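Numbered from 1 within each chain, the chains take letters A, B, ... in sequence-line order. Values in this document were obtained by computation on a predicted structure and should not be read as measured data.
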Amino acid sequence: MANEELAAIFAEMADILEILDQDRFRVGSYRRAARVLADTTEDIAALAAEGKLQKLPGIGKSTAEKIEEYFRTGKITRHEELRKQIPLGLLEMLTIQGMGPKTVAKLWKQAGITSLDQLRKVIEENPSKLEKIEGLGSKKLTQLAESITFAEKVSGRFRLDEAGAVANNLCQVVKSCKGAKRVEVAGSLRRQRETVGDIDILCEASEKYAQQIIKTFTEARGVTKVLAAGGTKGSVIVNHRIQVDLRVVPSESFGAALQYFTGSKAHNIALREIAVKKGLKLNEYGLFKHDAPDGAKPLAGRTEEEIYAALGLQWIPPELREDRGEIAAAAEGKLPDLIRLEDIQGDLHMHTTASDGANTVEEMILACKKLGYKYMAITDHSKSQIQANGLDEQRLADHVAEIRSAAKKYKDILVLAGIEVDIFKDGSLDFSDDILKELDFVVASPHTALTQGRAEATKRLIKAIENPYVHAIGHPTGRMINQRTGMDIDIVKIAQAAAANNTALEVNAHPWRLDLRDVHIRTAIEAGAKLVITTDAHSAFGGSDLTLMHYGVKTARRGWATAEDVINTYSPAKLKKWLKR
DNA sequence: GCCGTTTTCGGCCCGACTGTTTTCAGTCG
């Protein structure tokens, strides 16, 4: 995908410039451009062709020219030139914790080390070679060696379910400490990004308890390494895998610290720039007058709300804090009224023992009732999903009869008889229209041929969207987080087709999927498409179950979704009407 | 390299922790 390739190129140029110790503001500009390019669902090639690249924030004349060159020639001359100026192995060295551009440059220029492999060998076999380098003592070398080993074992980012479990355990440990008041998760986990790199925990406590709380934290069960343990901050590795940072802050700064450590970094920078323009200074202790002396009383800091208010902004929900336009919206009082878990009235994608689920139709009905749902749809797999025990026409007929019979027993929940029908690679479906039209709810999903190209994949999904008997497209890209990227789709075209045909696009809530993803959701809404948030549950409770809904809701919030955008917030009557559309 | 209802030039966010510094640089978030 061009967006990601371009983002990678600008990020790499920033890295190289940093190693070469060039203008740090230019480095910052390249990094911002990289982030904006990675975030946007706009068709960059089209913008380039129309000369409209500069409407993207952070893209100016020079960057626009580079992007245009990329589409014209397939490369960026400045990028190629920069790559010739350093050994490319340095870029890999830069990814190691504790090693930044200055250290990489020193190792390269003073010791001739140009790759991670080489560095590891030198530290192991001949560390005296590095002694002459200023700033690299034995402790630093040990730390670097450990970081290299750690990087080999651990793959970058963690899914929300993995990180959430670790965070909950450690929050309990911190909460149990003497003097600990509020304990909150911050960072990308609070923003509910689809993956998180590390976990940030914040604890409200007075200064006299801080040291002991940090100590208890660094000695918690599961901690396999202590990276730092200061007076207000502790940092550990849990289970040899994931880094967890704890900050202990006093009550009067708790809101400021929560805001600060929730990020994102880009959001915070934008916020602090607003503060500066107002003659103020924002840090993790509060909002101050620009020239306030140390120890001055903050203008705001106890809660996040008062900080945003003092900056002239609506409070911004964490899921929106990505510097994707939320600050301008908050300044105008135009933030969306985001969907909440309580808005969800039913689940419209789930499986039973009829295909590959663990529970019967009636068990799923009881589980949905227990969650307070007013309606539900049972959507087992279609016949080509042989490995998932997909239903053929005859078994489907029996299954539907069973659902309708069970539904009659439960008057207080509307039970829809549905199917998750496979979308083949050409966009045709696993059942004929004659079969589909007899069903109450049809989710059409791609399960195979997930590596086809963008144009083909887009055409495929649009064909399914245009089928009059299809109500929703299930996990539209088929991606599995940290496992497979799924299909590259033209979300604008797909959303336009979905809006025109009144077909909903699924936000699959399973933390392994989260598909559609946040930026797709936002684009889909802007194009007028409706969403349906579902769990794709394969059991009633305990595992891949109906309670995963909150992940989908939070992902939808990250896509700026309101309840009105999501069909399973409708009342039963409104939903019934929508189904007959 | 970007950006502008104080600027088209001259700014560009802020602090903790570590290691090796005898007063601070580098890294991180």
Side-chain angles (χ1 to χ4, degrees), chain A residues 10 13-14 17-19 21-36 53-67 78 93-107 131 133-144 146-147 186-189 191 196-202 210 214 218 226-236 243-249 253 256-257 259-288 290 292 294 311 323 331:
Chain A
F10 280 96
M13 287 198 287
L17 287 177
E18 262 196 312
I19 292 171
D21 196 24
Q22 295 195 12
D23 180 22
R24 65 195 174 96
F25 297 110
R26 183 169 302 179
V27 170
S29 293
Y30 280 175
R31 289 208 193 290
R32 178 159 190 228
R35 183 176 58 78
V36 168
L53 285 167
Q54 290 187 60
K55 76 170 198 163
L56 293 171
I59 310 289
K61 183 160 175 283
S62 169
T63 301
E65 281 170 4
K66 290 183 175 67
I67 295 171
R78 178 73 180 131
M93 290 166 65
L94 205 52
T95 64
I96 295 301
Q97 278 264 342
M99 184 134 58
K102 298 284 195 295
T103 311
V104 167
K106 271 191 270 190
L107 286 166
E131 270 172 10
I133 301 179
E134 198 181 330
L136 279 185
S138 64
K139 273 191 168 176
K140 186 75 184 172
L141 288 179
T142 307
Q143 181 201 91
L144 288 178
E146 284 174 356
S147 292
S188 52
L189 188 53
R191 302 199 310 279
V196 304
D198 62 9
I199 296 169
D200 296 286
I201 298 174
L202 207 59
I214 303 277
T218 58
V226 179
L227 298 172
T232 63
K233 174 180 164 179
S235 188
V236 301
Q243 181 172 335
V244 187
D245 297 340
L246 171 70
R247 272 89 173 185
V248 182
V249 298
S253 297
Q259 193 289 312
Y260 181 83
F261 291 115
T262 295
S264 66
K265 185 171 180 169
H267 174 90
N268 285 357
I269 288 174
L271 224 51
R272 275 171 264 158
E273 280 168 356
I274 290 179
V276 168
K277 282 188 183 128
K278 289 180 182 289
L280 305 169
K281 181 176 69 166
L282 179 63
N283 59 31
E284 60 262 55
Y285 300 106
L287 185 65
F288 300 87
H290 180 63
D294 285 351
L311 293 173
D323 191 27

Would you say [N] has OP1 or OP2 under 4.0 Å from some side-chain N or O of [X]?
X: T103(A); N: dT27(B); value: yes
X: K281(A); N: dG15(B); value: yes
X: S29(A); N: dC2(B); value: no

Which part of the nucleic acid, if any, lies within contact of [X], taking any heavy atom under 4.0 Å across all strands shown: a base, the sugar-phosphate backbone alone, or nothing?
X: N268(A); result: nothing
X: L271(A); result: nothing
X: K66(A); result: sugar-phosphate
X: S138(A); result: sugar-phosphate
X: K139(A); result: sugar-phosphate
X: S235(A); result: nothing
X: V27(A); result: nothing
X: L94(A); result: nothing
X: A229(A); result: sugar-phosphate
X: G263(A); result: nothing
X: Y285(A); result: sugar-phosphate

Just how far, in rounded Å, is [atom2] of [N] from [atom1] of [X]?
X: F25(A); N: dC9(B); atom1: CZ; atom2: P; value: 19 Å
X: E284(A); N: dC17(B); atom1: CD; atom2: C1'; value: 12 Å
X: R191(A); N: dG29(B); atom1: CZ; atom2: P; value: 13 Å
X: K61(A); N: dG1(B); atom1: NZ; atom2: P; value: 11 Å
X: D21(A); N: dG26(B); atom1: CG; atom2: C1'; value: 12 Å
X: I133(A); N: dA25(B); atom1: CD1; atom2: C1'; value: 16 Å
X: Q243(A); N: dC28(B); atom1: CD; atom2: P; value: 10 Å
X: Q97(A); N: dG19(B); atom1: CD; atom2: P; value: 14 Å

> Which of these, K102(A), K106(A), R26(A), sits in a salt bridge (Lys or Arg N to Asp or Glu O under 4.0 Å) with D21(A)?
Replying inline: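 When salt bridge (Lys or Arg N to Asp or Glu O under 4.0 Å) is applied between D21(A) and each of K102(A), K106(A), R26(A), only K102(A) qualifies.
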
Would you measure the distance from the [atom1] atom in [N] across to the matching atom in [M] and give it in whole Å?
N: dG10(B); M: dT18(B); atom1: C1'; answer: 34 Å
N: dC2(B); M: dT6(B); atom1: P; answer: 23 Å
N: dG1(B); M: dT5(B); atom1: C1'; answer: 24 Å
N: dT8(B); M: dC3(B); atom1: C1'; answer: 9 Å

> Can S235(A) and Q243(A) be said to form a side chain to side chain donor-acceptor pair (under 3.5 Å), step by step?
Replying inline: CA-CA 7 Å; S235(A) 188; Q243(A) 181 172 335; 3.1 Å; yes

> Is T142(A) reaching over with its side chain to a backbone N or O of S138(A), donor-acceptor style, under 3.5 angstrom?
Replying inline: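 A pair under 3.5 Å: yes.
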
> In chain order, what residues pass the ring pair (Phe, Tyr, Trp, His ring centres under 6.0 Å) check against Y260(A), with sequence neighbours excluded?
Replying inline: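 If we apply the ring pair (Phe, Tyr, Trp, His ring centres under 6.0 Å) test to Y260(A), skipping adjacent residues, there are no hits.
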
> Given side chains that start at C-beta, do those of L282(A) and L271(A) come closer than 4.5 Å, heavy atoms only?
Replying inline: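 L282(A) reaches L271(A) side chain to side chain.
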
>> Pairing check on dC2(B): which nucleotide meets the Watson-Crick or G-U wobble criteria with it, both distances under 3.5 Å?
In response: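 dG11(B) is the nucleotide pairing with dC2(B).
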
